[in-house]
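To start, the structure itself, in C-alpha cells.
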2 protein chains.
Amino acid sequence: MATIKDVAARAGVAVGTASRVLSGSPQTSPDSRRRVLAAAAELGYIANGPARSLRRARTDVLGLLVSDIRSPFFSELAHAAEQEARAHGYTVILANANEDAAQADAVLDVFAAQRIDGLLLSPQGPKTPRLEALIAANLPIVLLNRSIDGVDAPLYGTDNAGGVAQALAWLQRRGHRDVAFIGGPESFSTGAERHDAYLAGREAHGISTDDALIDAGDFLADGAEAAMRRILDRGVTPTAVFGANGQTTLGAMRAVRERLGAEAASRIEFVSFDDVEWFAFMSPPVSAVRNDATGIGRAGVRGLLSLIGGGTAASERIPTTFVDRSEGAAA
Amino acid sequence: MATIKDVAARAGVAVGTASRVLSGSPQTSPDSRRRVLAAAAELGYIANGPARSLRRARTDVLGLLVSDIRSPFFSELAHAAEQEARAHGYTVILANANEDAAQADAVLDVFAAQRIDGLLLSPQGPKTPRLEALIAANLPIVLLNRSIDGVDAPLYGTDNAGGVAQALAWLQRRGHRDVAFIGGPESFSTGAERHDAYLAGREAHGISTDDALIDAGDFLADGAEAAMRRILDRGVTPTAVFGANGQTTLGAMRAVRERLGAEAASRIEFVSFDDVEWFAFMSPPVSAVRNDATGIGRAGVRGLLSLIGGGTAASERIPTTFVDRSEGAAA
DNA sequence: TTCCGTCATGGAATCGTTTCCATAGCTCCG
DNA sequence: CGGAGCTATGGAAACGATTCCATGACGGAA
C-alpha cells in the first residue's frame, strides 16, 4: 500500500507538508493542497491507522462488550451504537461475554491491548480485576442498561420505573385486580428496579397486594415457568400476568397453558416488560413495554464521546413505549 | 500505561530481550524469562497493539460487514464469528451497511484504514470500487451467505437447495398438492437459488406445477403480503404456503388471514425457509428450515484464517435442519 | 590450551504517521 | 528601504513495539 512518503514524493513536497494537508491543518498553501490531494487520489492512499494511532495516542475505536449479541435488545443496541459511532468517525469492536466474568476479563484485556478510546459496557456481574485496572487507568466508560456496584460511570438504560408505571396503568384500565408478577433476579439492577417499582405502584393502581401473586425467576423462560407454577400452586387465580422481561413472559405463558389448558389460558391477559415481535400473534395478543434499545445505544455513544472529549456525561433513563394490543386498543 | 521499555528497565535487561521473552521467542535464558515476566506482571504491562501492528504489518483484526446486525440470522452469525475469532487470537470489528452500497463503501474504507487482516463480507449488492480495490490489494476475503458477481472468494452459506428439498419432502409427507410459493428477489443469490430449487423439485414431490401458485416478494413482510394477495387474486386455492424467508412467511400469513379470515387461514399450513422463534406459537405452528448461522459464522472465520495464513479455503454449504412442527410430528 | 560454534544479549534500525522546531520567503508598515 | 511578524515548508524526533546484527560468553572438541 502507498504510504504518505509516496504521496509526498509524488506531490513534490516533504512528508510533513503532506501530513498537514491530509489531516486538514490550516498551515498549507492552496498549491500544495492541490498537489498532495491529487497525488493521494492517484495512489489510492489510505492512511495507516495503527501508525497514526501510535503517534497520536488515540485509536478512534470504541469497545462494545455485551453478554450476547444474539439477544434482540443487544443486537438493536449494537446496531445503533455502531451507526452513531461511525457518524462521529469512530469504529466499534464487538465482543460477547456470555454472562461469564472470565470471558469478560479476557475481552477487557484485548480491548486494553487495542488501546480503545472508550468502553461501552453491559456488566456481566460484579466488578472484576481487569475492569478495576481500566477504571484506574482512566479509560472513559459508560454502562449500558445494568449498573454495577462500586463503578462510578454514567448509566444509559431503560426507564424501568416508568415502564412499570405504564404497565400498571394499563392493568388498571383493563380492570385487573388479581395480577401475578413474575420478576427477575434481584442481583440484576434491572430485576430489582422493576420489582421495586411494581411493589411500590400496585396499590395505587387498584391491584391486589397479596404477595402470593408474586414470585421471581431468572429472566429466562424455564425459571419463569417454575415461578409461575409456584404461584398457581398457591391456589390464587390471577386474571392477568405481568412478566418482568420477554423470556419471563414466555415462560409464564407456558406454565399457564400447561396448568389451566389453552382455553382458560386464553382468558388471561399477559403484559410484558420487553416487547417481542411475536407477541402480536398470541391469542390474546400480549401488550408490552418496549425498550428503546436504539435510543440507549445512541445516548451511550454520545455520552462516551463526551467523556472522551474531556467533557462530562450524565446517566440517562431512556423512556419506554407502551404497546397496547388489547382488544379495545386502537391499531 | 507501562511500555516495554519500563518492563525492560525493571527487569534489568534490554528492550530486545524483553520483547523476545514476551513474544515467546526461544532465544531467551530462564533467568531473563523469569525476571521479565515478573516485571511485566508487576507493572500490569499490556503491549501496545497499534505499535505492534505497525511493526509486524498485521493487526490480528477481522472486519465483519453485514447488512443489519439486528436480523436474527446476522446476530447469531456475528456471535459465532466473534467467538471463533477470539479463540484464535483475533478481534472483530463490526459494521452495518443497511443494504446500502454507499455505506458499504464507507465501511470498507474504514476497514482498510484499520488495516484489517481479513474481511467477512455479506454482500450488499454488486461489486463496488472500494471492494475492487481491496481485492486488488490481495486482502483475504470470504463471502457470507450471498455471492457476488465477479468476486472470486470462498462462500460460506446456507445449503439453499438442501433446505428447499427438506421443505418439499415435508410438503409431500403432509400430502399437499396445491402449494403457494412466495420467493425473494432474483437479484439475491439466496432468492434465486431457493426459487430454482423449488421449481426443479416440486414435480418430483407431487406438487402442482401451476405457475399461478408462484410469486415473489422482496424478502420483506410487505412485499410478500402483496405477492400472496396476487396469488389469491388468481383464484387458486392453496392448501399450504411456502415462504422463502422468515419475513416472507410472515407477510404471506398476514395476506391469507386478511383475505380468508382467521378460521380458514388456520386450515392452511405454512412452511418457511428460516426458522423464527415464534413460529411455534402460531396456530397451526409453522414448520421451518433452520439456517445454521452459527455454523456459517464459524466456518467463515476458519476459512478466512486459513487464507490469512497463506493457505486455501473452499466454499462450504452449511446444511439446514428441518423443524417439523406439524400435528403428527414428534415433539 | 586453543579454536570454533552456539546461544543469549544489547543496541540500533525500522514500521508510517504526527508534530515540533528552525528557517526561508512574504507582506506590511514605519 | 529595512526590519518585524507571519505563514508555509523541510527535516527530524517521537510514538512503542519487533527484528536484525554484532558481540561476548561459554562449552566442547581437537
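Computed from a predicted model, the values in this text were never measured in an experiment. What's counted below: heavy atoms across the whole structure, side chains too, no hydrogens, waters or symmetry copies. To find a chain, count down the sequence lines: A is the first, B the second, and so on, and within it residues start at 1.
In this structure, CG of B:Asp31 is placed 12 Å from P of C:dA8, rounded to the nearest angstrom. The separation between A:Leu22 atom CG and C:dT19 atom P is 13 Å, rounded to whole Å. Regarding A:Met1, its CE atom lies at a distance of 16 Å from the P atom of C:dC15, rounded to whole Å. Distance A:Arg55 CZ to C:dC15 P: 17 Å, rounded to the nearest Å. In this structure, the CZ atom of B:Arg35 is 13 Å from the C1' atom of C:dA8, given to the nearest Å. Atom CD1 of A:Ile4 is separated from atom P of C:dT19 by 11 Å (rounded to the nearest Å).
Both B:Thr17 and A:Thr17 lie close to DNA chain C; mapped to their nearest nucleotides by heavy-atom distance, the more 5′-ward contact belongs to B:Thr17. Comparing A:Arg20 and A:Ala2 by the nucleotide of DNA chain C that holds the closest heavy atom to each, the one mapping nearer the 5' end is A:Ala2. Nearer the 5' end of DNA chain D, as judged by each residue's closest nucleotide, is the contact made by A:Pro30, out of A:Pro30 and A:Val15.
With a 4.5 Å cut-off on side-chain heavy atoms, A:Leu22 and A:Tyr45 count as touching. The side-chain heavy atoms of A:Val21 and A:Val7, taken from C-beta on, include no pair separated by under 4.5 Å.
Comparing atom distances between the B:Leu54 side chain and each of C:dT18, C:dG16, C:dT9 picks out C:dG16 as nearest. Between C:dT18, C:dT17, C:dT9, one nucleotide has an atom nearer to the side chain of A:Arg56 than all others, and that is C:dT18.
At the heavy-atom level, B:Ala57 lies nowhere under 4.0 Å from the strands shown. Nucleic acid contact class of B:Ser19 (heavy atoms, under 4.0 Å, all strands): base. At a threshold of 4.0 angstrom between heavy atoms, the contacts of B:Ser25 with the nucleic acid are absent. Among the heavy atoms of the strands, none lies under 4.0 Å from B:Ser53.
The 12-atom threshold is exceeded at CZ of A:Arg115, counting heavy atoms of other residues, nucleotides or ligands nearer than 6.0 Å.
Under 4.0 Å is where a charged nitrogen must lie from a carboxylate oxygen, and between B:Glu316 and B:Arg302 no such pair does. Salt bridge status for A:Glu82 with B:Arg70: absent, with no side-chain N to carboxylate O gap under 4.0 Å.
Between C:dC7 and B:Gln27, no contact under 4.0 Å exists linking OP1 or OP2 to a side-chain N or O. For C:dT9, the OP1/OP2 oxygens have a side-chain nitrogen or oxygen of B:Ser32 closer than 4.0 Å.
The minimum heavy-atom distance between B:Lys127 and B:Ile148, with the atom names listed, is N-CD1, 3.7 Å. When all heavy atoms are compared, the tightest approach of A:Pro50 to B:Ala113 is CD-O, 3.9 Å.
If you take CD1 on B:Ile296 and OG1 on B:Thr158, they are separated by 3.5 Å, rounding to the nearest 0.5 Å.
For a distance-only test at 3.5 Å, the side chain of A:Arg52 fails to qualify as a donor-acceptor partner of the base of C:dT17.
Counting 5' to 3', DNA chain D first comes under 4.0 angstrom of a heavy atom of chain B and last does so at the ends given by D:dG16 to D:dC20.
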